[in-house]
Amino acid sequence: MDARTVLVLNGPNLNLLGERQPEVYGHETLADVEALCRETAQAHGMVVDFRQTNHEGTLVDWVQEGRAGIAGIVLNAAGYTHTSVAVRDALAACRVPRVEVHISDIHAREEFRHFSYLTDVCDHHVIGRGVPGYAEAVTWVAEHATG
Ligand code: CA2
């Protein structure tokens, strides 16, 4: 990874995107999201490092890996958004722009999704704009890259 890299991290169960709940998450798969991110980054002269994990510690390791020396981090922490002080602490230690993304509008869903541990340690938020929200997030990083 280098100063042109946008690190796009995806949390638990996002590998199942497109398989069910299309009324909430749409029909696109995570591979479609990756293609969109790559295309968007390329249009801004950037490259994407795109990853997904179901494991909290792995997400913490990856956020730490991107904490300096890259363009920025786009993160959909999925369920860990609402539970993880560890992911929050890793994001707080970052010196690069951080964008929190959610495909669905977490504020319009069940009460337990309304609170995010990540919101106030991220610099920008793209919430409830569907899969195209990832393109918005990558664009924001490209326009605010520090590296
Ligand atoms: O709206 C989002 O992007 C979420 O981060 C998605 C998470 C959810 O826990 C957050 O509250 C909001 C869920 C990701 C799992 O997505 C699936 C999609 C299709 C089938 C199964 C899971």
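All heavy atoms count here, side chains included; hydrogens, waters and symmetry mates do not. In each ligand, atom 1 is the first atom listed, and ligand 1 is the first ligand listed.
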Members sharing Trp140's hydrophobic cluster (side chains within less than 4.5 Å): Val6, Val8, Leu14, Leu17, Val24, Tyr25, Leu30, Val33, Leu36, Met46, Val48, Phe50, Val74, Val99, Val101, Ile103, Val126, Val131, Tyr134, Val138, Val141
Remaining members of hydrophobic cluster (4.5 Å side-chain criterion), Ile127: Ile106
Can you name the side-chain contact (heavy atoms from CB on, under 4.5 Å) partners of Arg51, sequence neighbours left out?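 Per chain and number, Arg51 pairs via side-chain contact (heavy atoms from CB on, under 4.5 Å) with Met1, Leu7, Leu9, Asp49, Trp62, Glu65.
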Output yes when a side-chain donor or acceptor of Arg67 lies under 3.5 Å from a complementary backbone atom of Ala90, and no otherwise. no
Above 12 or not: heavy atoms from other molecules or residues under 6.0 Å from CD of Gln42?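 Result for CD/Gln42: open.
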Return the OG1 to CZ distance between Thr81 and Arg88, rounded to the nearest 0.5 Å.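 Between atom OG1 of Thr81 and atom CZ of Arg88 there are 12.5 Å.
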Near ligand 1, which residues have a heavy atom under 4.0 Å away from one of its atoms?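 Contacts of ligand 1 under 4.0 Å: Pro12, Asn13, Leu14, Leu16, Leu17, Arg20, Tyr25, Asn76, Ala78, Gly79, His82, His102, Ile103, Ser104, Ile106, Arg113.
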